[in-house]
Amino acid sequence: MDDARLNEELIDSLFAIRTQIHDELKELAREAGLTDTQTDVLWRLSRAEEMTARRLADLLRCDASTATSMIDRLESRGLVRRVPHPTDRRAKVVQLTPEGCALRDRVVEHTTRHSPFARLDRESRLRLHALLREVSGTGRPAGDPVAGEPVAGEPVAGGNDHGKEQRR
């Protein structure tokens, strides 16, 4: 297979994975009375300690006013709250409420349980993770050790991670 065809098939695979994940989330969002984008907001808020409306808009690729409207709707449902930014008096940080955390936990659990990546063993997922971070520009080059992960051929200290990753 030539490089052009390989790249086409890789992109086809990424679209197929995106569709699988989107379809799974859509069902859960419908049950929770959320839009797809509101579900995305819950996911993104679970991935960061501090998130301003501006940062959320950047991640969602939308206008700040659109992000503010989404935050308003989630706030009216009791899923998020705005609190003063710790270092910038002009800004507010969007945080999940306990109800928002519970729903976020359902979203995360459902998504990871139905993940297309669950078909892969842990070592394969780690390799794929490193490669996807490299091509997306969000991580180290493939082959660089992942922080906290054992390097091939080196003994594992402690060995008590039980396959769980810490979430914020």
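Values below: every heavy atom of this structure, side chains too, minus hydrogens, waters and symmetry copies.
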How far apart are the closest heavy atoms of Cys62 and Arg54, and which atoms are they? O-NH2, 4.1 Å
Got more than 12 heavy atoms from elsewhere within 6.0 Å of CZ, Arg61? no
With side chain to side chain contact (heavy atoms under 4.5 Å, CB included) as the criterion, how do His129 and Arg125 come out once you've worked through the C-alpha distance, each side chain's angles and the decisive distance to 0.1 Å? CA-CA 6 Å; His129 177 258; Arg125 289 193 318 268; 6.0 Å; no
Arg18 atom CZ: more than 12 heavy-atom contacts under 6.0 Å: no
Distance-only, no hydrogens or angles: does the Ser13 side chain make a donor-acceptor pair with backbone N or O of Glu9 under 3.5 Å? yes
Rounded at 0.5 Å granularity, tell me how far CG in Leu34 sits from CG in Leu79. 6.5 Å
Evaluate Leu25 against Asp36 for side chain to side chain contact (heavy atoms under 4.5 Å, CB included), listing each step before the verdict. CA-CA 7 Å; Leu25 274 179; Asp36 295 349; over 6 Å; no
I need the Arg113 CZ to Glu109 CD distance, nearest 0.5 Å. 4.0 Å
Testing the basics here: between Leu45 and Val80, what is the closest heavy-atom pair and its distance to 0.1 Å? CD1-CG1, 3.7 Å
So CD1 of Ile71 and OG of Ser76: to nearest 0.5 Å the spacing works out to 12.0 Å
Please check if any side-chain donor atom of Thr37 sits under 3.5 Å from a side-chain acceptor atom of Asp40, or the reverse. no
Worked check of side chain to side chain contact (heavy atoms under 4.5 Å, CB included) between Arg104 and Arg44: CA-CA 10 Å; Arg104 177 261 340 257; Arg44 302 220 183 234; over 6 Å; no
Which heavy atom of Leu96 sits nearest to which heavy atom of Arg81, and what is that distance? O-NH2, 3.9 Å
Do Gln38 side-chain atoms and Thr35 backbone N/O form a donor-acceptor pair below 3.5 Å? yes
Closer than 3.5 angstrom, by distance alone: can the side chain of Ser136 be matched with the main-chain N or O of Leu132 as a donor-acceptor pair? yes
Test item: Thr112 and Phe117 side chains (from C-beta on) under 4.5 Å apart, heavy atoms: no
Taking Leu10 as the starting point, is it possible to reach Ile21 by hopping between hydrophobic residues whose side chains are less than 4.5 Å apart? no
Do the side chain of Thr39 and the main chain of Ala29 share a donor and acceptor less than 3.5 angstrom apart? no
Shortest non-hydrogen contact from Ala67 to Ala53? CB-O, 3.9 Å
Backbone of Val108 reached by a side-chain donor or acceptor of Thr111 within 3.5 Å: no
Starting at CZ of Arg77, measure out to CG of Asp72 and round the result to the nearest 0.5 Å. 14.0 Å
Within the side chain of Asp63, is there an N or O that forms a donor-acceptor pair under 3.5 Å with the backbone of Ser65? no
Check: Lys92 main-chain N/O paired with Thr52 side-chain donor or acceptor under 3.5 Å: no
Find the distance between CD (Glu75) and CD (Gln95) and round it off to the nearest 0.5 Å. 11.5 Å
Hey, is CD on Glu31 packed in by over 12 heavy atoms from elsewhere, all under 6.0 Å? yes
Min side-chain heavy-atom separation Val94-Arg55 under 4.5 Å: no
Backbone of Arg106 reached by a side-chain donor or acceptor of His110 within 3.5 Å: no
How close do Gln20 and Pro116 get, counting heavy atoms only, and between which atoms? OE1-CB, 3.1 Å
Nearest 0.5 angstrom please: Asp3 CG to Asn7 CG, how far? 6.5 Å
Take Leu28 and His114 through the test side chain to side chain contact (heavy atoms under 4.5 Å, CB included) and record every step on the way to the result. CA-CA 11 Å; Leu28 181 63; His114 294 92; over 6 Å; no
